[in-house]
Amino acid sequence: MYDILVVGSGGAGLSSAIEAKENGAKVAIVCKHYPTNSQTTMAQGGINAALGNIKDDSTTLHTQDTIKSAHSLCDENKVEYMCDMAPRIIEKLENIGVPFSRIDNAPTPLKSIAQRFMGGASVPRACYAQDYTGLKILHTLYDRALQLGIEIIDEHYLLNLIVEDSICLGATFLDIATTQVKSIYAKSTIIATGGYAGIYEGYSTNAYGAVGDGIVSVINAGGSVSDMELVQFHPTALANSSILVSESARGEGGYLLNSDNERFVDELKPRDEVARAIYAQLQNNKSVYLDIRHLGEQKLQELLPQEIALCKLHEDIDPVNELIPIKPVAHYSMGGVEVDEAQRVVGIQGCFSAGECSNSKVHGANRLGGNSLLEILVFGTKASSEALKYIKNISDIKPNDTQEKQDKSYIDSLFEPKDSINIYALKKQLGEILYTQAGILRDEDGLQEAHNKISAIYQQLSNASLQDNSKVHNQYLVEFLELKNALVCASLLIQGAIKRQESRGAHYRSDYPQEASSFQHSIIQNKKDSLCK
Ligand SMILES: Cc1cc2nc3c(=O)[nH]c(=O)nc-3n(C[C@H](O)[C@H](O)[C@H](O)COP(=O)(O)OP(=O)(O)OC[C@H]3O[C@@H](n4cnc5c(N)ncnc54)[C@H](O)[C@@H]3O)c2cc1C
């Protein structure tokens, strides 16, 4: 039995586990892939902090920029806490060895950290390591976790939380290598499983597994979710592959051009506005391009080497000499697990949540670039320090294998012969439905129709068996379970979008184009609103 069980090895999970271990707790991290495989490694542009290096910047200005972008849907106290913590987080990262990009002739190492512009920021505030910021942070945190001897259990897929009388006792997992269902017991559990923007299959910058598994486990266990309809669309993904071209490309001076060679929007406006402006051009049968040629090869190789490599690898475009064809795609989920000010999951005692899977209410209706890496580290650490306080009053827990038995029986049932389905075609269908009917522009009719289609796919899945009956490393089984969770999240997203009869930040309803003060609150949903009721 562990003091703290952390599910997820992204930035939120690793920072939670490090905080727990440094304070003497018995902690384990469980993740579904290899420990370094997460969205955090994909983050390119930077992490925001008012370090005092940039003239006129301050934690107050960082707070103000964040609140402005949130469109009145954030918890201002939490935003202030996050922005105040930011310089300390960067100092901590600096101390454990994150190789930030530097400026010359600075008096101290902290003052030498280079910072760049990101959309919606009043000043250059994003600290970066070329355009590999997330990768460098994640690998450094992972090194620190190894150094501390934190136990890491990889290739284990979270199935359900084990909850008795609304108290969380740990979670059940599918051991991917053996297809066995196992319980892991803990005095407290931190869900740090990342976001759900990957459900827009084919129209997302996210990795395949970013489908909201942890969110669904919370819903199933009696917790709730909020603001699921608030999904951010990133303005610049590669037109064919949906691979991200970081905002730092515009932050460093890149332009957006349409096929008439015209600039049509201020490139550094918040993401929702830039994404809608690009979408309008595309709807008008114009192509849209990112132009960074004028920055010159030397600067591009120094500041944006990953962008150059990704353009060449995925689209055969050389941005040094060619325009980059782009489109906006789903990128980040602002909504997620409903947590209180201490990252406690509302409705489930002993369960905490941090990172993109939680709705920490710091981004509101539109996240600022560079604020997510900050959020996951600030609130990953916070969730852990709150879990440490919680376990002080728990002497022991009694194992309860009811959930394990139920999950084992469900997994066994999937191996029995039933209807045959093609989950890859269904995933693709899900992405198309979401992008066209619950995407950048939404309306009541489209959302209702999308919900009917998604419920029908969920029904198909409920009567289906697996196409691969192997009991060893059955990736099909994992993807089947992921699709089921993706559909649950999709349904909650659409229902939230139907309920929010207004436009706010990333949520744009063409039938309700104005912000309405009556919707200046979170939309909360729970199991009875979900497909798994
Ligand atoms: C391409 C890209 C670029 C980005 N660039 C930036 C940027 O420059 N600046 C910025 O601030 N933000 C950026 N973001 C956003 C940011 O990277 C993410 O919001 C953040 O890293 C999420 O961290 P996390 O720890 O919450 O989740 P993740 O890093 O996604 O980690 C989730 C973890 O949970 C595990 N997990 C998931 N499901 C299960 C399950 N069923 N069982 C067990 N384990 C599970 C995963 O294996 C993984 O270990 C970017 C995102 C993307 C996709």
Side-chain angles (χ1 to χ4, degrees), residues 5-17 29-49 86 116 118-119 126-129 131-135 137-138 141-142 152-160 171-176 184 190-198 204-217 232 234 236-238 242-248 251 306-307 310 329-334 336-337 353-358 360 363 367-377 379-380 383 478 481-482 485:
L5 168 66
V6 178
V7 189
S9 62
L14 282 170
S15 55
S16 295
I29 298 176
V30 187
C31 51
K32 68 175 165 184
H33 304 297
Y34 295 112
T36 51
N37 183 336
S38 65
Q39 306 291 325
T40 304
T41 54
M42 296 163 76
Q44 302 168 353
I47 171 169
N48 289 338
R116 62 165 49 125
M118 299 282 256
C127 311
Y128 59 93
D131 54 358
Y132 292 101
T133 313
L135 183 89
I137 291 176
L138 196 283
L141 290 173
Y142 180 57
I152 300 181
I153 305 167
D154 63 9
E155 299 204 298
H156 277 61
Y157 180 90
L158 169 70
L159 294 170
N160 278 297
T172 57
F173 294 89
L174 175 80
D175 178 343
I176 295 171
I184 299 183
I190 299 177
I191 300 295
T193 44
Y196 55 88
S204 171
T205 61
N206 286 201
Y208 290 124
V211 293
D213 292 331
I215 292 172
V216 177
S217 77
Q232 178 168 74
H234 197 290
T236 58
L238 293 176
S242 295
I243 300 280
L244 180 77
V245 183
S246 165
E247 195 162 274
S248 50
Q306 184 175 193
E307 315 305 328
L310 290 172
V329 299
H331 179 61
Y332 181 83
S333 35
M334 268 85 70
V337 173
S353 182
E356 195 176 332
C357 62
S358 66
S360 290
H363 308 303
R367 172 179 75 92
L368 281 184
N371 265 358
S372 175
L373 286 177
L374 176 61
E375 178 212 345
I376 63 177
L377 303 180
F379 294 106
V478 173
L481 297 171
E482 285 178 343
N485 286 339

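When a ligand or atom number is given, it counts from 1 through the structure's own listing order. Predicted model only: the values in this text are computed from it and were never measured.
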Discussion item. Would Ile376 count as a contact residue for ligand 1, given that I'm defining contact as a non-hydrogen atom of the residue lying under 4.0 Å from a ligand atom?
Written reply: yes
Worksheet entry | Heavy-atom gap Asn206 to ligand 1 smaller than 4.0 Å | yes
Worksheet item: Quick one: which of His156, His331, Gln39 has a heavy atom closest to atom 50 (C) of ligand 1?
Response: His331
Practice prompt. With heavy atoms under 4.0 Å as the rule, classify the contact between Leu244 and ligand 1 as side chain, backbone, both or neither.
Written response: side chain
Discussion item. Any salt bridge linking Glu375 with Arg367? Criterion: basic side-chain nitrogen under 4.0 Å from a carboxylate oxygen.
Written reply: no
Worksheet item: How does Lys32 reach ligand 1, if at all, at less than 4.0 Å between non-hydrogen atoms: by side chain, backbone, both, or neither?
Response: both
Worksheet item: Is the closest heavy-atom distance from Gly370 to ligand 1 below 4.0 Å?
Response: yes
Discussion item. For Asn371, give me all partners under side chain to side chain donor-acceptor pair (under 3.5 Å), at least two apart in sequence or on another chain.
Written reply: Asn48, His62, Thr66
Item to complete: Report the part of Phe173 (side chain from C-beta onward, or backbone N, CA, C, O) that has a heavy atom under 4.0 Å from ligand 1; answer both or neither where that applies.
Response: neither
Worksheet entry | Options Ser9, Ala43, Gly45, Gly46, ranked by nearest heavy atom to atom 9 (N) of ligand 1, top entry | Gly46
Discussion item. My understanding is that only residues two or more places apart in sequence, or in another chain, count here; which of them pass side chain to side chain donor-acceptor pair (under 3.5 Å) with Asn37?
Written reply: none
Worksheet entry | Nearest option to atom 10 (C) of ligand 1, as decided by whichever heavy atom of Ile137, Leu373, Leu481 sits closest | Leu373
Item to complete: With atom 27 (O) of ligand 1 as the reference point, say which of Ser248, Gly194, Gly10 has the nearest heavy atom.
Response: Gly194
